[in-house]
Amino acid sequence: MRITDTKFNADVTWKIRLKSNVNHRHLILHLNDCNEHLLPTMSILTRLLVAVLCFGSLKTHSVAESSQFCEKDGLKENCGETKEDRSTFSSSLGVRYLLYDVNPPEGFNLRRDVYMRLAIFMHEMKNEENWRLVLPPWGQLYHWQSSNVGEQTKLPWRMFFDVKSLQKFAPVIEMEEFLGSVQKKRPPIDEVYILQHYKDVWEEGKEWQDRWNIEGCIESIPYSKSGKAYTGPFWTYKNLSAQKVECASFQGHAALLKGILRQSRAKVVMIDHAEVALHDRYGDHIYWECRRSMRFARHLVEIAQSFRKQQLDSSDDKDMVKRPDNWLEEREYTTTGGGPYLAVHLRRKDFLWGRAKQVPDLQFAADQIEKIIKKLQLETIFIATDAPKHEFAELKTHLSKFKVLRFEPSPTLKYEIKDGGVAIVDQIICSHAKYFIGTHESTFSFRIQEEREIMGFQRNTTFNRLCGREEGIPCTQPTQWPIVFK
Ligand SMILES: C[C@@H]1O[C@H](OP(=O)(O)OP(=O)(O)OC[C@H]2O[C@@H](n3cnc4c(=O)[nH]c(N)nc43)[C@H](O)[C@@H]2O)[C@@H](O)[C@H](O)[C@@H]1O
């Protein structure tokens, strides 16, 4: 037997990995478990043997740490580990869980994009290793400010998405399912890696290359050690903690995470600041399969359908929009129809200072909307917006010749579907309109454009945006990201 890899944590958790040269089986001993369960029952000889192994392993620690990784196909992996080693090790662990979280200020629709980066990564890994991607519960988003909708924390994905549909693309599970499977283990998360940008990433002339390293944390982190475990935000779950927390400087695509997961022997790994990892496959057919799998929750689709029918005289049949129940059955469509209304996503609030030049004042927005609706010979305008009531009222006064609508759920319905649900209903309604205009660089608008691409709308009815007064008309219009099928 040869000791191949050891780690020693400052507390009593010693992990020793022994690898048999003969049968390549890994044996992992958690010495804190030994302390609690094994040592009292061991013979003196066995205790001595374990002590010698531990001592030996600690002595080899520095060597093992420095030679732990090898570059292979641009990925750092454990040196000398063959595919067979890995698969034997993998199956000895059974199912492994990958949790992730995103920079706290990021909004709902950027988070959806980060999900895609990880889901595509898991989709690619699923034939090699037995991972489950744990869907991070929604909550405490900066933009979800309604006070009359109850607590907006620990919200499961099924409130907003069709999880079965997601599972047709990647092995994802809800947090509750994960918690159910690790209940007895303390702490439930073995290792947390907080991704951070390299210090030198913005240096001029620095060549881009995919790389990652475990390094000291550059900024302060929201995790701290309390007894044997690290506590942290963990989506406000009091019963979640981690055994180890480290920072990883990271530059590259999500596939590079393989290196982190492969040097780890843990069953439960969490990646924080997952937004630092880039898309593996932006815009190709796999990207679009993942995107198509992100169907909205049925109850939200039905709410949007009912609004379209009652307020906008719109339904998939009337509008000639095709959308099979199962996204796997979708084909490349050409939709010339759409609901008989003009839909506008008018982003306000933080965009008024964050994108001051590109976001129009209400009068200038109304001028542009009026021009387009006259050209389209329509009478109804649907406005999706985060604007407060008084701003919407003002916009209406500027468009008094037209029927101007907004989705305003009853307090009971809003309590049920929360701010996230209202936003999704808005997006669904916008995505079915004959013509859509969005807001510059809003991920909320981007997601609507993608829905319209999936349904096959003509691109000139989709990739449009309002111009800021300072920019004038015309202004640069959104980049077109065409859908790709296999
Ligand atoms: C500059 C960046 O912009 C990003 O915003 P951006 O891409 O528009 O889009 P999101 O990331 O979705 O964030 C905007 C949030 O504001 C609400 N919101 C915006 N527009 C509407 C709307 O038309 N209807 C409803 N019901 N709600 C809306 C909604 O909660 C949405 O998730 C932010 O996420 C980042 O934190 C950052 O501020």
Side-chain angles (χ1 to χ4, degrees), residues 101-117 136-149 152-153 155 157 159-161 273-276 291 294 296-297 300-301 303-304 307 341-360 362 365 369 381-389 391-392 395-396 404-411 413-433 436-452 464-466 468 478-479 481:
D101 206 356
V102 177
N103 187 24
E106 299 301 352
F108 189 76
N109 288 292
L110 183 96
R111 283 163 189 270
R112 285 177 59 183
D113 189 69
V114 177
Y115 162 78
M116 286 183 62
R117 301 175 207 183
W138 298 97
Q140 295 184 311
L141 296 193
Y142 163 75
H143 303 93
W144 291 358
Q145 294 170 351
S146 295
S147 54
N148 50 354
V149 295
Q152 304 203 66
T153 51
L155 305 180
W157 277 56
M159 276 194 69
F160 306 122
F161 295 97
H273 279 273
E275 75 285 353
V276 173
R291 180 62 186 79
M294 296 189 79
F296 294 122
L300 298 176
V301 175
I303 293 166
F307 184 90
Y341 55 97
L342 164 66
V344 182
H345 173 228
L346 183 68
R347 183 76 159 80
R348 305 288 293 171
K349 290 200 173 153
D350 48 316
F351 264 46
L352 293 183
W353 57 91
R355 304 274 187 281
K357 274 193 191 154
Q358 295 88 1
V359 171
L362 295 171
I369 293 168
I381 305 161
F382 176 78
I383 307 279
T385 185
D386 56 341
K389 277 195 164 111
E391 285 187 4
F392 181 64
L395 181 75
K396 274 175 86 166
V404 183
L405 293 168
R406 178 184 198 178
F407 171 63
E408 286 175 296
S410 69
L413 183 59
K414 192 165 174 191
Y415 189 92
E416 229 173 79
I417 65 173
K418 316 238 177 266
D419 283 329
V422 178
I424 287 175
V425 172
D426 269 347
Q427 287 184 313
I428 300 174
I429 299 169
C430 285
S431 65
H432 284 84
F436 172 70
I437 320 172
T439 295
H440 180 67
E441 284 181 353
S442 166
T443 54
F444 191 104
S445 295
F446 294 162
R447 301 291 91 86
I448 295 169
Q449 290 161 357
E450 289 160 3
E451 288 291 299
R452 293 176 64 87
N464 308 296
R465 67 134 171 137
L466 295 167
T479 309
W481 292 105

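Counting starts at 1 for both ligands and their atoms, in listed order.
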*Establish, yes or no, whether the cationic atom of Lys418 lies under 6.0 Å from the six-membered ring centre of Tyr415 and within 45° of the ring axis.*
yes

*Would you verify whether the NZ or CZ of Arg355 falls within 45 degrees of the ring axis of Phe351 while also being under 6.0 Å from that six-membered ring's centre?*
yes

Ligand 1 versus [X]: contacting region, heavy-atom distance under 4.0 Å:
| X | answer |
| --- | --- |
| Tyr142 | neither |
| Pro105 | backbone |
| His345 | side chain |
| Phe407 | neither |
| Thr385 | backbone |

*Have a look at Arg112, Gln145, His440, His143 and point out the one with the heavy atom closest to atom 33 (C) of ligand 1.*
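Comparing heavy atoms across Arg112, Gln145, His440, His143, the nearest one to atom 33 (C) of ligand 1 lies in His143.
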
*Could you pull out, from Glu408, Arg406, Glu106, the option with a heavy atom nearest to atom 35 (C) of ligand 1?*
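The residue whose heavy atom sits nearest atom 35 (C) of ligand 1 is Glu106.
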
What do you reckon, does [X] have a nitrogen or oxygen under 3.5 Å from a nitrogen or oxygen of ligand 1?
| X | value |
| --- | --- |
| Gly107 | yes |
| Arg355 | no |
| Arg347 | yes |
| Glu441 | no |

How far is [atom] from its nearest protein heavy atom, and which residue and atom is that?
| atom | value |
| --- | --- |
| atom 32 (O) of ligand 1 | Phe108 CB, 3.3 Å |
| atom 3 (O) of ligand 1 | Phe351 CE1, 3.2 Å |
| atom 29 (C) of ligand 1 | Ala423 CB, 4.2 Å |
| atom 12 (O) of ligand 1 | Asn109 ND2, 2.6 Å |
| atom 6 (P) of ligand 1 | Thr443 OG1, 3.4 Å |
| atom 28 (C) of ligand 1 | Phe444 CE1, 3.6 Å |
| atom 18 (N) of ligand 1 | Asp386 CB, 3.7 Å |
| atom 24 (N) of ligand 1 | Asp426 OD2, 2.8 Å |

*Aromatic plane relationship, Phe108 with Phe160 - under 30° parallel, 30 to 60° tilted, over 60° perpendicular*: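 Rings of Phe160 and Phe108: perpendicular, over 60°.
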
*Identify, with sequence neighbours excluded, every residue that meets ring-ring contact (aromatic ring centres under 6.0 Å, His included) alongside Phe407.*
Phe307

*asked:* Phe444: which residues meet the ring-ring contact (aromatic ring centres under 6.0 Å, His included) condition with it, sequence neighbours left out?
replied: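 By the ring-ring contact (aromatic ring centres under 6.0 Å, His included) rule, Phe444 matches His345.
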
*Using only heavy-atom distances, determine whether the side chains of Gln145 and His143 contain a donor-acceptor pair under 3.5 Å.*
no

*From His432 NE2 over to Ile448 CD1, what is the distance, rounded to the nearest 0.5 angstrom?*
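These two atoms lie 12.0 Å from each other.
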
Pull out every atom of ligand 1 sitting under 4.0 Å from any heavy atom of [X], numbered as shown with elements.
| X | answer |
| --- | --- |
| Ala384 | 22 (C), 23 (O) |
| Asp350 | 38 (O) |
| Trp144 | 30 (O) |
| Ser442 | 6 (P), 7 (O), 8 (O) |

For a quick test of reading the model, state the closest non-hydrogen atom pair linking [X] to [Y] and the distance between them.
| X | Y | answer |
| --- | --- | --- |
| Thr443 | Leu110 | OG1-N, 3.7 Å |
| Leu413 | Ile303 | CD1-CD1, 3.8 Å |
| Leu141 | Arg111 | CD2-NE, 3.4 Å |

*Passing candidate, side chain to side chain contact (heavy atoms under 4.5 Å, CB included) with Trp144, options Thr153, Leu155, Val422*: Leu155

*asked:* Salt bridge check, Glu441 against Arg347: does any charged N sit closer than 4.0 Å to a carboxylate O?
replied: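 Glu441 and Arg347: not salt-bridged.
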
*Leu466 side chain reached by His440 side chain, heavy atoms, under 4.5 Å*: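 Sidechains of Leu466 and His440: no contact.
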
*Candidate pair Phe446 and Trp481, rule ring-ring contact (aromatic ring centres under 6.0 Å, His included), full reasoning*: CA-CA 10 Å; Phe446 294 162; Trp481 292 105; 9.0 Å; no

